[in-house]
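Below is one structure, written out as structure tokens; comments come after it.
Just so it is clear: chains get the letters A, B, ... in the order the sequence lines come, proteins before strands, and each one is counted from 1. Since this is a predicted model, take the numbers as computed values, not measurements.
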Amino acid sequence: DVKVTQSSRYLVKRTGEKVFLECVQDMDHENMFWYRQDPGLGLRLIYFSYDVKMKEKGDIPEGYSVSREKKERFSLILESASTNQTSMYLCASSLRGAGQGDTIYFGEGSWLTVV
Amino acid sequence: QQQVKQSPQSLIVQKGGISIINCAYENTAFDYFPWYQQFPGKGPALLIAIRPDVSEKKEGRFTISFNKSAKQFSLHIMDSQPGDSATYFCAARRAAGKSTFGDGTTLTVKP
């Protein structure tokens, strides 16, 4: 089974702190994603990476950055956390290639509260 | 600009009834339409998916109906069970594996 592991399930951070959310997948997937989930707003793509050291902005990249130094690991960074970044963050991965990138596998989410 | 519109936002169905969730999309370049199911405290998981060259796909009690000309697709859950209570997301894949998700529907199946 594909496993996407988000190391921190629940975090409370102070406004202005730098926050790292870590994600690891064990299926050698090329694509990795960070989504943000808010009630009534669905899943919104923050950043996308299709290879090591490659990244692409999603729909809501402002206030976030990412790092992908190894294929299995994709980190989301909040440079200076703000209260409007309180949310659940979902990491995901998929294979690349026509027909292969169909299924997105999600982690269980990281609940971040910024106070 | 919301590319995938999902309705209703919430749905209450009696056990044994049919649950229907609808999605509409705008971008004709979308080439893959999955539905994801999410239980509380868990990440979404793929439930069923369809490609635009097929009008219907059925897996057990779950069916996707796809109307390419209307740019709409829907999820039907037959004989709904309390264990089906979850949040359901439709999605449409654009390019390079990226998908756009609907806002989600919270389904409650009453025993």
Side-chain angles (χ1 to χ4, degrees), chain A residues 1-6 9-10 21 23-25 27 29-51 54-61 74 87-111, chain B residues 1-11 21-27 29-54 57 59 64 75 86-107:
Chain A
D1 280 351
V2 175
K3 191 155 188 185
V4 179
T5 302
Q6 295 182 233
R9 291 298 312 274
Y10 303 95
L21 299 180
C23 175
V24 176
Q25 51 94 1
M27 283 302 293
H29 285 173
E30 293 89 357
N31 296 335
M32 294 191 75
F33 312 83
W34 275 104
Y35 287 90
R36 172 175 171 162
Q37 183 175 6
D38 298 289
L41 296 178
L43 305 175
R44 294 180 291 168
L45 182 64
I46 304 172
Y47 265 98
F48 163 60
S49 170
Y50 53 90
D51 205 345
M54 307 301 288
K55 62 184 179 184
E56 213 174 284
K57 292 181 180 179
D59 300 316
I60 53 164
F74 193 35
S87 185
M88 181 163 89
Y89 292 88
L90 285 162
C91 177
S93 71
S94 72
L95 286 166
R96 196 193 335 161
Q100 295 182 18
D102 291 348
T103 302
I104 297 176
Y105 297 88
F106 286 89
E108 295 201 326
S110 296
W111 288 93
Chain B
Q1 181 188 6
Q2 187 174 20
Q3 297 191 57
V4 179
K5 292 184 179 180
Q6 183 172 345
S7 63
Q9 188 173 9
S10 63
L11 181 62
I21 305 171
N22 301 298
C23 282
Y25 64 96
E26 299 165 5
N27 189 341
F30 289 141
D31 64 355
Y32 178 71
F33 300 88
W35 285 89
Y36 286 82
Q37 180 187 55
Q38 184 181 30
F39 293 106
K42 300 291 186 181
L46 180 68
L47 180 64
I48 186 173
I50 198 167
R51 297 187 187 281
D53 54 347
V54 177
K57 183 173 181 181
E59 290 184 0
I64 299 178
L75 175 69
T87 300
Y88 293 82
F89 293 96
C90 64
R93 186 180 64 188
R94 16 186 187 166
K98 290 185 289 187
S99 294
T100 298
F101 287 81
D103 288 347
T105 297
T106 301
L107 171 65

Segment of [X] engaging chain B (4.5 angstrom heavy-atom cut-off):
| X | value |
| --- | --- |
| A/D38 | neither |
| A/Q37 | side chain |
| A/R9 | side chain |
| A/L41 | backbone |

If you round to the nearest 0.5 Å, how far is CZ of B/F89 from CZ of A/F106?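 If I round to the nearest 0.5 Å, the distance is 8.5 Å.
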CG of A/L90 to NZ of B/K42: how many Å apart, nearest 0.5 Å? 13.0 Å
Who among B/G104, B/G41, B/G43, B/P44 has the most heavy-atom pairs with chain A under 4.5 Å?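 Winner by heavy-atom pair count: B/P44.
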Turns out that what part of B/P34 lies under 4.5 Å from chain A's heavy atoms comes down to neither
State, yes or no, whether a side-chain contact exists between B/Y36 and A/I104 at a heavy-atom distance under 4.5 Å. yes
